[in-house]
Amino acid sequence: MPTVSRRRFLKITTAVGAGAAASGAAGLTLPDLLASLPEDGEVRTTPTFCDLCFWKCGAIAYTRGGRLWKIEGNPDDPLSRGRLCPRGTGGIGAHYDPDRIRAPLVRRANRGDEEWTEVTWDEALNVVAERLERIKAEHGPEAVAMFSHGIGGTFLKHTLRAFGTPNIAAPSYAQCRGPREVGFNLTFGEDVGSPERTDIRNARCLVLIGSHLGENMHNTQVQEFAEAIEKRATIIVVDPRYSVAASKAQHYLPIKPGTDTALLLAWMNVLVTEGMYDKEYVEAYGFGFEAFEAIIGRYTPEWAYTQTTIPPETIRETAREMARHRPATLVHPGRHVTWYGDDAQRSRAIALLNALLGSWGRRGGFYTPASMDVAAYPYPPYPTPERPKLDNPDGRYPFADGTLSNGIRDATITGEPYPIKGWFVYATNLLQALPSQEETLRAIQNLDFMVVVDVIPSEIAGWADVVLPESVYLERHDEVNVEWFREPFIALRQPVVEPPADQKPNWWIARRLAEKLGLGEYYPWRHVEEYLRQRIQTAGYDFNELEEKGIIRGPQQPIFFDEGVPAEFYTPSGKIEFYSPQLEGAGFDPVPTFTPPEEPPPGYFRLLYGRAPVHSFSRTQTNPLLSEMMDDNEVWINEDVARRHDLRSGDYVRLKNQDDVVSDRIRVKATQRIRGDCVYMVHGFGQQARGLRRAYGKGASDAQLITRYVNDPLMGGTGMSVNFVTLEREA
Ligand SMILES: Nc1nc2c(c(=O)[nH]1)N[C@H]1C(S)=C(S)[C@@H](COP(=O)(O)OP(=O)(O)OC[C@H]3O[C@@H](n4cnc5c(=O)[nH]c(N)nc54)[C@H](O)[C@@H]3O)O[C@H]1N2
Ligand SMILES: Nc1nc2c(c(=O)[nH]1)N[C@H]1C(S)=C(S)[C@@H](COP(=O)(O)OP(=O)(O)OC[C@H]3O[C@@H](n4cnc5c(=O)[nH]c(N)nc54)[C@H](O)[C@@H]3O)O[C@H]1N2
Ligand code: SF4
Ligand SMILES: [Mo]
């Protein structure tokens, strides 16, 4: 079923002569870029924060003779502590990327053909306003949906809310950490948030369940992980693949993919039956422990062995190790947890294991984040939409507490509960981020209008009617970051250099568009600096100081129960819910249970995917500095499996999935570092947009092969590790 439109997709993207790609050369090379960097002239520094991913590390950018030269960590910033990750350091490549979109574009051929006419901003925004107004007149403002990722979307979301739509989503919920937040909320009454409230650096025992820190480069976490290792914390890593984190572990558990909940249940069984859990903590704060205890008794390590392939003795030994260090034992909640469709319950099992260890609210476990008090800007109230948001009709997913991107896509395809006719897409590459590219393309074909705001001619931009080129983070202000972290602080993003061509910052686009939509009253300020200054000064801080230092830090506040944080739990019972009446009432298991995911058919391997240290998702593959370090991906295949297929490292294969979708060619990495029942690849490669000269045709795309997904029945997230591939040798 998905093959048809995939072929169409491929045909469209390869058949038509590409403007940019036709020029052949992949633009700037690293030596070109290095040679072009300024060597003399006055050195100036500007503090700002990074946007190569969404962690928002404080940075100091240097110019020389007025040109961008280098970027380093801001030592005053609590997130970066003066050090950026490799991607952050490569951030200047985003400014110099020769593939950037230089002017607003209007489509002049079929959608997806990537054929454009360059227009002025006035012309482009007139088209956008006119098309949005037409949809509003015919179908109501709710028929325009917005997808947005990151802090840069703040002002455009403001404009769209003023326009009157409630349908605003980010794939970082239902394709990333949504299930985790739901699992923790059901248990502790609070979510984990971002940055995660994990006290990694004080953990005496750290358990990583597929959180591949070190490849997953969220800066603060990686730094704290290194600190924990230095302080000789016990590291336990559970991963079907011997990750970088696994190489630092005392206990590596090469689990059968998809069976983590069974392991978690068995760990809890050992803690409870051997009486090693934190009894005082559970007695003081727990709800429904007796009912939980009765159920958890079933899940012996011997039973878990049959599911996970982890020997019972290993399960007992690691459970005892966790108990030995409690409450400074942190079972990391993970972040990208949309794996198998039972993810909210698996996350709840992780929450419950932490509860048994007494780690929530305790040093070396989970802290209570603090933030500065900065009030929202006093905008006029938004109009109340006549129809509620449609991503979760009839509360089908009763515990969804964010908007489901996939729900908006469903409605765009079916027209139910009401039609969606326009998509406004900001900084999210929906073709790589949502499972089933076929469904995304079907939804796009149903639209009257799609506008994409991007910095490069990305895959999603290729399907737009209008593309608006944004200035990159080093060229603009953004919303101020009032962070929730282990210490409170405010951080400012501000321009370091001018954009190279006719690119504009999001706040300018949002404000101009609002004016053209007759919503000028929602922008009482003229320049974003006025807005930022007002928010900061009203809160009682000095905006000039913020501009000068990039950071204003607040006083350290208590962040643990024993420092005076009240042990409050915002669940219905006001306690940690070992047994969940909420879940029971909605017809779900009140204590997590385990149902194994579907097995790969004979000859097939489960497709797993993850991060590489030098890339972010699908957003950095054209960056001239980062692509030089890694310009394609490989598929990890167990050495014995490779031998049976007569494959060696360096050979090329294509992966064919259960729906007969065939990937681009990809290099084999034959290794003992992965189990024989799965293969692994780095996400973000195999991109099909021809304007991405450095990335086009490099490596293969996991997203293309993720034609199937399983919705989490609690909250509607999309489990994506449910696809299977075979290996086809490439001549
Ligand atoms: N198959 C598969 N799907 C996944 C994942 C996976 O690993 N595999 N990961 C999931 C996870 S964890 C997440 S959080 C989501 C993330 O998914 P997305 O939010 O889609 O993340 P990116 O791929 O970074 O897409 C960012 C888009 O923004 C553009 N962009 C970059 N900088 C700027 C800017 O300054 N301004 C503007 N306007 N645009 C910019 C990029 O060119 C790119 O088109 O994907 C999820 N989906
Ligand atoms: N360099 C870099 N760092 C990033 C990002 C990036 O794009 N680039 N993105 C950031 C974002 S938004 C997110 S959400 C995080 C994502 O990073 P994480 O949340 O750490 O990890 P995932 O992507 O969920 O998982 C990938 C790991 O899980 C393992 N795995 C796969 N299936 C299973 C299983 O069934 N059980 C177990 N136990 N393990 C399994 C894989 O082998 C791999 O090691 O990374 C963040 N950090
Ligand atoms: S983790 Fe790296 S890429 Fe992300 S904000 Fe920090 S320095 Fe930038
Ligand atoms: Mo994510």
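In each ligand, atom 1 is the first atom listed, and ligand 1 is the first ligand listed. Count residues from 1 along the sequence. These values consider heavy atoms only, across backbone and side chains, with no hydrogens, waters or symmetry-generated copies.
- Between Tyr680 and Trp636, the ring centre distance stays below 6.0 Å.
- The side-chain heavy atoms of Thr403 and Ile408, taken from C-beta on, include a pair separated by under 4.5 Å.
- Each of the atoms 10 (C), 11 (C), 46 (C) of ligand 1 lies under 4.0 Å from some heavy atom of Gln175.
- Of all atoms in ligand 1, numbered sequentially from 1 with element shown, those under 4.0 Å from a heavy atom of Met720 are 3 (N), 4 (C), 47 (N).
- Side-chain contact of Ser618 with Asn429: a donor-acceptor pair under 3.5 Å is present, judged by distance alone.
- A donor-acceptor pair under 3.5 Å is formed between the side chain of Ser616 and the backbone N or O of Leu52.
- Considering only non-hydrogen protein atoms, atom 34 (C) of ligand 1 sits nearest to Val455 CG1, 3.5 Å.
- At the shortest separation from atom 13 (C) of ligand 1 among protein heavy atoms lies Phe617 CE2, 3.5 Å.
- Inclusion of Arg619 in the set of residues having an N or O under 3.5 Å from an N or O of ligand 1 is warranted.
- At a 4.0 Å cut-off, not a single heavy atom of Ile460 sits close enough to ligand 1 to count as contact.
- Where the criterion is an N or O separation shorter than 3.5 Å, residue side chain and backbone included, Ser471 fails it with respect to ligand 1.
- Ligand 1 has at least one atom lying under 4.0 Å from a heavy atom of Arg611.
- Heavy-atom contacts of Asp51 reach the following atoms of ligand 1: 35 (O) (cutoff under 4.0 Å).
- The nearest heavy-atom contact from the protein to atom 43 (C) of ligand 1 is Asp454 OD2, 3.8 Å.
- Atoms of ligand 3 lying under 4.0 Å from any heavy atom of Met217, numbered from 1 in the order shown and given with element: 1 (S).
- When non-hydrogen atoms are compared, ligand 1 lies under 4.0 Å from the backbone of Gln432 (N, CA, C, O) but not from its side chain.
- Taking only nitrogen or oxygen atoms, main chain and side chain alike, Tyr609 does not reach within less than 3.5 Å of ligand 1.
- Tyr609 has its ring centre less than 6.0 Å from the ring centre of His336.
- Contacts between Tyr426 and ligand 1 below 4.0 angstrom, taking non-hydrogen atoms only, involve the side chain exclusively.
- For atom 25 (O) of ligand 1, the nearest protein heavy atom (residue, atom name, distance) is Asn429 N, 3.3 Å.
- Listed by atom number, the atoms of ligand 1 under 4.0 Å from Arg476 heavy atoms are 34 (C), 35 (O), 36 (N).
- Residue Ser458 approaches ligand 1 through these ligand atoms, each under 4.0 Å from one of its heavy atoms: 44 (O).
- For Asp199 and Arg486, the salt-bridge test passes: some basic side-chain N is under 4.0 Å from an acidic carboxylate O.
- Between Glu196 and Arg177, none of the side-chain N atoms (NZ, or NE/NH1/NH2) sits under 4.0 Å from a carboxylate O, so this pair counts as no salt bridge.
- Excluding waters, the count of protein N/O/S atoms less than 2.8 Å from atom 8 (Fe) of ligand 3 comes to 1.
- At a 4.0 Å heavy-atom cut-off, ligand 1 touches Ile456 through the side chain alone.
- Close contacts between ligand 1 and His149 involve ligand atoms 14 (S), 16 (C), 18 (P), 19 (O), 21 (O) [criterion: under 4.0 Å to a heavy atom].
- Between Arg102 and Asp502, none of the side-chain N atoms (NZ, or NE/NH1/NH2) sits under 4.0 Å from a carboxylate O, so this pair counts as no salt bridge.
- The existence of a salt bridge linking Asp51 and Arg476 is confirmed by a sub-4.0 Å separation between a basic side-chain nitrogen and an acidic carboxylate oxygen.
- Each of the atoms 1 (N) of ligand 1 lies under 4.0 Å from some heavy atom of Ala703.
- In this structure, the protein non-hydrogen atom closest to atom 38 (N) of ligand 1 is Glu470 OE1, 3.0 Å.
- Within ligand 1, the atoms closer than 4.0 Å to a non-hydrogen atom of Ile706 are 1 (N), numbered from 1 in the order shown.
- Residue, atom and distance of the protein heavy atom nearest to atom 45 (O) of ligand 1 are Ala433 CB, 3.6 Å.
- The protein non-hydrogen atom at the shortest distance from atom 1 (N) of ligand 1 is Asp702 OD2, 3.1 Å.
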